[in-house]
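Following: one structure in structure tokens, then a few remarks.
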Amino acid sequence: MNLATLLRIALRNTFAWGKGYLSSFLSSLSMAGLVLAISLLITVLSVMNGFDKEMRERILGLVPHITIYSHLPMRDWRDVMAQLASDEQVESVAPFVEFDSLFMRGSTIETARAIGLALVDEEGGELRQARLLQLLPEDELRAFIADPRGLALGQGLAGRLGVVPGDTVTLIAPAEGNALSARAARFETLTLRAVLRTDTELDQSAAFLALPAAAELAAMGDAVSGLRVTTRDLFAVSDTAWHLLNSLPPGYYSTTWMMTHGNLYAAIQLSRDLVTILLLSIIAVAAFNVVSSLVLVVFDKRGGIAILRTLGAAPRHIALVFLLQGGLIGLVGVVLGTLFGVGLSLSVPQAVAYLEEWLGFRFLNTDVYPVSFLPVDILPRDIAVVAGAAFIMCLLAAIYPAVRAARLAPAAVLQSERS
């Protein structure tokens with residue numbers, strides 16, 4: 001028997017829907033299980049990839065990869081910045097001033113860590129080393145840069161204070177040390193010029209000023225708190241930080257994003273791996289269903305198998321029919337599961353947004369989660385791995401029924417059916 005004839009037999013046993021055949025019914029159940037498992041796995045992987053992407057590109061794109069501090073106020077920061085910028089692993093370096101502060105509007109008081117950033121260079125030209133400033137609306141960014149005592153707050157912090165651009169906010173900064181008391185505090189009225197909307201946890205605590213204003217409020221004079229370093233290799237920050245510190249004189253130390261956000265990133269990766277293993281086991285269960293389905297088909301079609309054998313079909317031909325049937329079940333399940341998975345992945349963010357609007361509350365809030373929306377990132381690599389694994393499992397699952405069908409003795413089968 002040629003391959004075309006065997007394929008035609010396998011197609012009839014697999015897709016003869018509506019004709020009351022047990023084989024087509026069992027094949028449909030196996031396909032449905034595969035479609036469900038594959039679509040769920042692709043959807044969950046896309047969501048986990050979305051969190052991973054947002055973590056790398058959004059959150060880690062807004063925080064410094066390495067922060068260089070000094071045990072004393074850094075007054076030689078220009079020389080240190082030039083030395084750090086000469087390293088081939090360093091992409092950019094920017095000074096900053098930070099201090100604990102209170103922001104007051106009416107009777108509402110919120111705590112935040114005020115950060116002063118360099119907005120203009122020595123010649124008065126604009127600087128935008130801090131990528132987060134690029135997320136500000138252009139008109140608000142212009143107003144923030146133009147006002148030397150302007151203020152930019154995160155959306156969550158501004159919302160709790162009930163202020164919008166143009167409103168004034170009272171900043172309470174320590175006059176000396178870290179004590180915030182009535183005798184050791186400085187009150188300064190600032191105008192809110194911009195609201196930062198990153199949809200990340202930064203929105204809840206971000207407070208930015210121009211570097212000179214922050215240095216004045218922190219009573220640091222010409223010194224800065226440290227240097228924000230952006231590196232070319234995000235995941236080599238530990239080695240890069242060690243190399244940079246070795247090039248500096250004693251008295252400096254560093255922190256990296258792995259110290260502040262490393263546990264969160266590791267948790268996302270671990271969750272992704274665990275979910276992948278869990279859902280791959282579901283695909284394995286669906287493939288095991290192919291085994292049971294084809295075994296029942298072998299039992300149901302033993303008379304037809306015996307007739308094919310008496311007509312000259314070799315045992316390998318019978319085995320090949322069931323292998324083709326398992327491959328067809330896997331192929332249809334993979335194609336439909338991939339299409340449904342991609343479609344579900346693309347619709348999940350919008351569906352969650354509609355559900356949040358309908359119910360009147362947010363499932364994801366930056367008070368708890370790193371982002372305030374459900375991100376999705378569909379990777380062709382993941383789709384290929386899931387589809388390939390599912391198809392191979394279906395082929396492997398068809399081996400046992402195929403061998404069992406090939407070993408059927410035609411005479412014994414026909415004798416038992418005659419009796």
Side-chain angles (χ1 to χ4, degrees), residues 61-85 90-103 112-138 140-154 157-158 165 168-178 186-196 198 202 205-230 244 248 252-255:
L62 300 179
V63 301
H65 299 169
I66 301 173
T67 306
I68 303 295
Y69 292 100
S70 175
H71 293 290
L72 298 174
M74 194 180 297
R75 302 190 181 280
D76 59 343
W77 59 270
R78 291 178 179 83
D79 297 334
V80 175
M81 186 171 69
Q83 183 174 348
L84 295 178
V90 174
E91 190 173 86
S92 65
V93 185
F96 71 95
V97 171
E98 63 179 2
F99 57 94
D100 294 321
S101 60
L102 298 176
F103 290 92
R113 191 148 183 89
I115 301 178
L117 300 175
L119 305 179
V120 294
D121 57 22
E122 301 292 338
E123 288 75 27
E126 292 183 8
L127 288 176
R128 299 189 186 183
Q129 297 102 323
R131 179 170 171 254
L132 55 90
L133 296 180
Q134 300 176 9
L135 300 177
L136 295 175
E138 189 65 26
E140 295 183 10
L141 177 60
R142 295 292 180 186
F144 181 48
I145 293 177
D147 187 355
R149 304 191 74 79
L151 177 67
L153 296 178
L157 181 57
T168 57
V169 179
T170 301
L171 183 148
I172 307 174
E176 56 183 34
N178 292 320
R186 178 172 180 174
F187 293 75
E188 188 74 20
T189 300
L190 303 174
T191 303
L192 180 64
R193 296 300 183 185
V195 175
L196 184 66
T198 65
L202 294 176
S205 59
F208 300 102
L209 301 88
L211 185 66
E216 179 185 345
L217 291 172
M220 298 189 67
D222 191 43
V224 298
S225 301
L227 298 173
R228 300 162 60 96
V229 180
T230 302
L244 294 177
L248 298 176
Y252 295 92
Y253 64 98
S254 67
T255 61

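What you see is a predicted model; the values in this text were computed from it and never measured.
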Which residues satisfy the salt bridge (charged side-chain N to carboxylate O under 4.0 Å, His left out) test with Asp222, sequence neighbours excluded?
Arg78

Gap separating the OG1 atom of Thr255 from the OH atom of Tyr69, nearest 0.5 angstrom:
4.5 Å

From CA spacing to verdict: side-chain contact (heavy atoms from CB on, under 4.5 Å), Tyr252, Leu244
CA-CA 10 Å; Tyr252 295 92; Leu244 294 177; over 6 Å; no

Least distance between heavy atoms, Leu151 atom then Leu192 atom
O-CD1, 3.4 Å

Mind listing the closest non-hydrogen atom pair of Pro165 and Arg193 along with its distance?
CB-O, 3.9 Å

Taking the side chain from Ser101 and the backbone from Leu171, do they hold a donor-acceptor pair closer than 3.5 Å?
no

Donor-acceptor pairs under 3.5 Å, side chain of residues 209-218 to any protein atom, not counting sequence neighbours: which ones?
from   : atom 1 : to     : atom 2 : distance (Å)
Glu216 : OE1    : Arg149 : NH1    : 3.1
Glu216 : OE2    : Arg186 : NH2    : 3.2

For Arg75, what residues pass the salt bridge (charged side-chain N to carboxylate O under 4.0 Å, His left out) criterion, not counting sequence neighbours?
none

Identify the two heavy atoms, one from Val97 and one from Val224, that lie closest to each other, and give their separation to 0.1 Å.
CG2-CA, 3.8 Å

Smallest heavy-atom separation, Met81 atom then Pro95 atom, equals SD-CD, 3.7 Å

Once rounded to the nearest 0.5 Å, what's the spacing between atom NE2 of His65 and atom OG of Ser92?
8.5 Å

Within this structure, what is the CG-CE distance for the pair Asp79 and Met74, rounded to the nearest 0.5 Å?
11.5 Å

Test side chain to side chain contact (heavy atoms under 4.5 Å, CB included) applied to Ala112 - qualifying residues, sequence neighbours left out:
Phe103, Leu157, Ala207

Taking all non-hydrogen atoms of both residues into account, name the closest pair between Phe144 and Gly150 and its distance.
CE1-O, 3.5 Å

Apply side chain to side chain contact (heavy atoms under 4.5 Å, CB included) to Ala158 and list each qualifying residue two or more places apart in sequence or on a separate chain.
Leu153, Val163, Val195

Answer whether the closest heavy-atom distance between the side chains of Ile68 and Leu248 falls below 4.5 Å.
yes

Roughly how far apart are Phe208 CZ and Glu98 CD, rounded to 0.5 Å?
10.5 Å

Residue set satisfying side-chain hydrogen bond (donor to acceptor under 3.5 Å, both in side chains) with Tyr253, at least two apart, ordered chain then number -> none

Could you give the distance from CD1 (Ile172) to CG (Asp100), rounded to the nearest 0.5 Å?
13.0 Å

To the nearest 0.5 angstrom, please state how far the CZ atom of Phe99 sits from the CD1 atom of Ile115.
10.0 Å

